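Okay, structure first, notes after.
Chain letters run A, B, ... following the sequence lines, proteins first, then strands; residues in each count from 1. Predicted model only: the values in this text are computed from it and were never measured.
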Number of protein chains: 2
Amino acid sequence: MAEPKTIVNPLFLREDDLRQAIELLFFAYRDFTARGDAILARQHFGRAHHRILYFVGRYPGIPVGDLLDILNITKQSLSRVLSQLVREEYVQQKTGTRDRRQRLLYLTDKGKALERELTSEQRMRFAAAYKDAGAVAVEGFRKVMLGIMDAKARKRFLSPFET
Amino acid sequence: MAEPKTIVNPLFLREDDLRQAIELLFFAYRDFTARGDAILARQHFGRAHHRILYFVGRYPGIPVGDLLDILNITKQSLSRVLSQLVREEYVQQKTGTRDRRQRLLYLTDKGKALERELTSEQRMRFAAAYKDAGAVAVEGFRKVMLGIMDAKARKRFLSPFET
DNA sequence: CGCTTATGTCAGTACTATTGACATAATTGA
DNA sequence: TCAATTATGTCAATAGTACTGACATAAGCG
């Protein structure tokens, strides 16, 4: 049914190469997120909760608008999930001092604990994959991923975040 | 706010390296799927429809059960989406000859056209990223992605599909 | 013929995300 | 100072994804 794979036949077609790339990304992402989803399901949370916990942990004091930019979702979408996290005390909001319209977001200790639980599994996954693949491969992975991103995200990724 | 990035400071911490990896995968996947999602929204479809179209196109005559294995979802989840695709004539079902319990799936011409539209954008994205990154980077990307996958998916990916 | 397999369906629940409309408070610029 | 803009929040409706549990049918198999 299936044609020979690249690894079997080095003289692959370009077409086959690109198809493989798509599938590599699909399967990797699927498995990368699966374990976290299971942990989140315990407290009736979903992947969106993890993303918020992650980026708030990454940029403590981030204003809501910046978080929206990073996640690329609407404020209405964010609102439901963020409200839950605030209500259940995973995230704390503080009024901005420089601009009092802003709500700056911070993880509580409870939030930090859950974030760590969720992300540590993913870090271990990458740590193992990086170790097996080696430094050259890591740099290659990095280059390809940056090439897949939209220019806007790539730019933000490569330059220090101005906040 | 942000610490210096790896690219700025080669003496990065391991921790920072892993955090970057997570974000690379997140942003790349997000942008990789965004355009297809927009196309799908036109006909009231979602990402799940694309996945079915993709894998049915990839393995013409695939039985429902094999598709479930690849997608890692329940038959109830598949059913809703697959039924729609069959009803709207993107996918055709044929009773298996070897095992008449099986429903073998094929893309119709309409299905092939939509699949091509959706996947071609993703192929172009990878073609550009691969070209920019170079052959060594591509091999690195491949290694890291395989390392991120679960063992089961990796095994299936690396060995010819027996159908 | 009884057990298992492949597939399908009904029902209920939960999570993610969108558009559109409207509201409030704070900042900013003319 | 006042009008416009910005940051944030909320209500409501809609749509897509996915799960668990239960039940059903047809076909393969020993």
Next on the checklist: With a cut-off of less than 4.0 Å, is there a side-chain N or O of Gln76(A) near OP1 or OP2 of dT8(D)?
Outcome noted: no

Checklist entry - Charged N to carboxylate O below 4.0 Å: is that the case for Lys112(B) and Glu117(B)? => result no

Item to check | Residues in salt bridge (charged side-chain N to carboxylate O under 4.0 Å, His left out) contact with Arg51(B), at least two apart in sequence or another chain | outcome: none

Checklist entry - Do Asp31(A) side-chain atoms and Asp150(B) backbone N/O form a donor-acceptor pair below 3.5 Å? => result yes

Next on the checklist: Tell me the interatomic distance from Ile62(B), atom CD1, to dT7(C), atom C1', rounded to whole angstroms.
Outcome noted: 14 Å

Checklist entry - Tell me: CG of Leu105(A) to C1' of dG9(D), nearest whole Å? => result 13 Å

Next on the checklist: I need a per-nucleotide contact map over nucleotides 12-17 of chain C, read 5' to 3'. Cutoff is protein heavy atoms under 4.0 Å; write B for the base, S for backbone only, - otherwise.
Outcome noted: ---SBB

Item to check | Separation of atom CG in Leu68(B) from atom C1' in dA18(D), rounded to whole Å | outcome: 13 Å

Item to check | Length of the CG-C1' vector between Leu85(B) and dG16(D), whole Å | outcome: 13 Å

Solution key, residues 75-96 of chain A side-chain donor-acceptor pairs under 3.5 Å, sequence neighbours excluded:
unit_1	atom_1	unit_2	atom_2	d
Ser77(A)	OG	Thr74(A)	OG1	2.9
Ser83(A)	OG	Ser79(A)	O	2.5
Gln84(A)	OE1	His49(A)	NE2	3.0

Next on the checklist: Ring-plane angle category for Phe141(B) and Phe141(A), please: parallel below 30°, perpendicular beyond 60°, tilted otherwise.
Outcome noted: parallel

Checklist entry - For the pair made of CG in Leu78(A) and C1' in dT19(C), what is the distance, rounded to whole Å? => result 16 Å

Item to check | Side-chain cluster (under 4.5 Å, hydrophobic types only) that Tyr106(B) belongs to, other residues | outcome: Leu104(B)

Next on the checklist: Check this one for me: any side-chain N or O of Gln102(B) less than 4.0 Å away from OP1 or OP2 of dA26(D)?
Outcome noted: no

Next on the checklist: Can a donor-acceptor pair be found, under 3.5 Å and without considering hydrogens, that links the side chain of Arg123(A) to the backbone of Leu18(B)?
Outcome noted: no

Checklist entry - Going 5' to 3' along nucleotides 23-30 of chain C, which nucleotides have protein heavy atoms under 4.0 Å from the base (write B), which only from the sugar-phosphate (write S), and which from neither (write -)? => result ---BS---

Item to check | For Asp69(B), salt bridge (charged side-chain N to carboxylate O under 4.0 Å, His left out) partners two or more places apart | outcome: none

